[in-house]
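Reading through the structure tokens given below for one structure.
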Protein chains: 2
Amino acid sequence: MTPTSTPRPRWQRRSEDRPAELVAAALALFAERGFARTRLADVAARAHVSKATVYVYFANKERLFEAVVRETVTPNVDRAEALIRGYDGSTPALLRTLLLLFDGLLDSPMAAVLKVVLAEAGNFPELARVWGELVLQRMFALVQGVIARGIERKEFRVVNPAEMVPLVMSPLLLLGLWKHSLAPHVPVVLDRHAVLAAHADVLLRGLARPEDAHVQG
Amino acid sequence: MTPTSTPRPRWQRRSEDRPAELVAAALALFAERGFARTRLADVAARAHVSKATVYVYFANKERLFEAVVRETVTPNVDRAEALIRGYDGSTPALLRTLLLLFDGLLDSPMAAVLKVVLAEAGNFPELARVWGELVLQRMFALVQGVIARGIERKEFRVVNPAEMVPLVMSPLLLLGLWKHSLAPHVPVVLDRHAVLAAHADVLLRGLARPEDAHVQG
DNA sequence: TCTGTTATTGACTCTCGGGTCATTTAGTGC
DNA sequence: GCACTAAATGACCCGAGAGTCAATAACAGA
């Protein structure tokens, strides 16, 4: 162990992994502080890299955030779509399963990203566009398909599936924002799983055909 | 009209009205651009006043926003409470009326303020606290009371009123955020009134007692 | 009309952070 | 070992915008 026995380089070239590492670091900070209050210097530090390196891989802050959105969101939507595709049980059960899966997403960084997108949509329309394209449209189609399936199979009464989508999703939105925005600072307590159970309950009763109102999936 | 015939002062002393004018100006800009991207210089300009004047009436940007929240929110919550207090019809009808009133709020600046509060809660916990105290708790109690009333009067089946509150409110949250964040930038179309009608419908069916599932308020 | 009070302001400071670039140095092929 | 490429960086610039303060001018009262 002579003084010269430490030839560890001061930095390494890792152009393969850098982008993903930067995105991960950025995700954590954007989620925690929002877009405006996140400093690229901090992102860089968290990825063990200098600020200038960020600019080697991303043109600017906004593009970095766009990358965060893409990476965070796509796998989750993929999973949801796969779940639906392979399902062949009753539609009420399918809807319950889907809600459970969304419930899981509330703990993922996706919920935090959503918060930031909503907050910054006005300042960065491009972000809103990306989100709309990558998440909204696919999720929308997904849920709408489930409702339509239920109607076709005479498990639900006849409603306009498009109008049901926001109703299905909105409690999840609320719970997500609750968790990431208000919960830490407000004394009100919300039992997430109780609310979700109640949601599934009310929703399925509300969708049931009047003649079999007693049957609950 | 001699050149000296224009003794209109370059500015006027109006310490009574200034705060309200500043709050109004600030509301418009915060709603439009969010907290971080709103410049106090612009707020001042919009209130026809210099930036330094803002600091005469508000200690800093955050306090100004706090004032905006208070002023924007209180009258609306008051109105909702008054509506409930004086009501003596059926509870389903009351719930429909309440939803209609909230629908109106979606067009008020309150929805925009909510967006900003959610976005900035992490950076300014005090804001979240104020919102929780001024709006959340009162609104929560309000809706919870309506549900409890319906159960007492045997118009609803027996549920946990506290769990229903988020279910009642969440579609409104979604529609509000939709309007102020995504709608302008995303090609998806949401028919607000259709969604709200569907919400009332599903909700009331979901709350109905099984034995009178056919009766719709 | 003069004087005192205070609301208002213009001009200033200072920090913060996004973005740039010339230079350094790790890794690669010969 | 040597030269070449490109990954990584430190030091820099610069605009933006929050917050300050001494000076100014509107109004009230006498």
Side-chain angles (χ1 to χ4, degrees), chain A residues 4-26 28-30 32-68 116 120 122-124 126-127, chain B residues 4-26 28-30 32-68 116 120 122-124 126-127:
Chain A
T4 54
S5 72
T6 315
R8 167 133 63 117
R10 295 205 267 135
W11 45 264
Q12 299 185 328
R13 322 177 117 205
R14 309 187 37 248
S15 50
E16 301 290 288
D17 303 336
R18 291 284 187 232
E21 290 171 4
L22 285 167
V23 164
L29 292 175
F30 282 137
E32 183 178 323
R33 308 189 197 167
F35 185 82
R37 316 251 313 179
T38 294
R39 289 171 293 236
L40 287 194
D42 290 351
V43 172
R46 198 182 173 109
H48 310 293
V49 139
S50 84
K51 187 175 64 164
T53 298
V54 177
Y55 285 91
V56 172
Y57 296 98
F58 301 94
N60 54 43
K61 199 179 176 183
E62 193 181 346
R63 291 299 164 82
L64 173 60
F65 186 62
E66 254 177 62
V68 168
V116 182
E120 302 291 345
N123 302 127
F124 302 98
E126 192 56 18
L127 284 183
Chain B
T4 54
S5 71
T6 316
R8 167 134 62 117
R10 295 205 266 132
W11 46 266
Q12 298 184 328
R13 322 178 116 205
R14 308 188 35 248
S15 50
E16 301 290 288
D17 303 336
R18 292 284 187 231
E21 290 171 4
L22 285 167
V23 165
L29 291 174
F30 282 137
E32 182 180 323
R33 308 188 197 168
F35 186 82
R37 316 253 311 178
T38 295
R39 290 172 294 238
L40 286 196
D42 290 352
V43 173
R46 199 181 173 109
H48 310 294
V49 138
S50 85
K51 187 176 61 163
T53 298
V54 177
Y55 285 91
V56 173
Y57 295 99
F58 301 94
N60 55 42
K61 198 179 176 183
E62 193 181 347
R63 292 299 165 82
L64 173 60
F65 186 62
E66 253 178 63
V68 168
V116 181
E120 302 291 346
N123 303 126
F124 303 97
E126 192 56 18
L127 283 183

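Numbered from 1 within each chain, the chains take letters A, B, ... in sequence-line order.
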> Does anyone know the first and last nucleotide of DNA chain D in reach of chain A, 5' to 3', at under 4.0 angstrom to a heavy atom?
Replying inline: D:dT5 to D:dG10

> Do B:R33 and B:R39 have side-chain heavy atoms sitting under 4.5 Å apart?
Replying inline: yes

> Once you round it to whole Å, what is the distance between C1' of C:dG18 and CZ of A:F35?
Replying inline: 10 Å

>> Can you pull out the residues from residues 37-47 of chain A that lie within a 4.0 Å heavy-atom distance of DNA chain C?
In response: A:T38, A:R39, A:L40

> Which residue pairs pass the salt bridge (Lys or Arg N to Asp or Glu O under 4.0 Å) test with at least one member in residues 44-55 of chain B, sequence neighbours excluded?
Replying inline: none

> If you look at every strand shown and take non-hydrogen atoms under 4.0 Å, does A:Y57 touch a base, only sugar-phosphate, or nothing?
Replying inline: sugar-phosphate

>> What is the separation between atom CG on A:L29 and atom P on C:dG17, rounded to the nearest whole Å?
In response: 12 Å

> Mind checking whether B:F65 and B:E126 have side chains closer than 4.5 Å, heavy atoms only?
Replying inline: no

>> Rounding to an integer number of Å, can you tell me how far A:R18 CZ sits from C:dG27 C1'?
In response: 13 Å

>> Please enumerate all residues that pass ring pair (Phe, Tyr, Trp, His ring centres under 6.0 Å) together with B:F124, with sequence neighbours excluded.
In response: B:F35

> Which residues satisfy the salt bridge (charged side-chain N to carboxylate O under 4.0 Å, His left out) test with A:E32, sequence neighbours excluded?
Replying inline: none

> Does the side chain of B:T53 get closer than 4.0 angstrom to OP1 or OP2 of C:dT9 through an N or O atom?
Replying inline: yes

> Could you write nucleotides 20-26 of chain C as a row of B, S and -, 5' to 3', where a protein heavy atom under 4.0 Å of any base atom gives B, of only sugar-phosphate atoms gives S, and otherwise -?
Replying inline: BB---BB

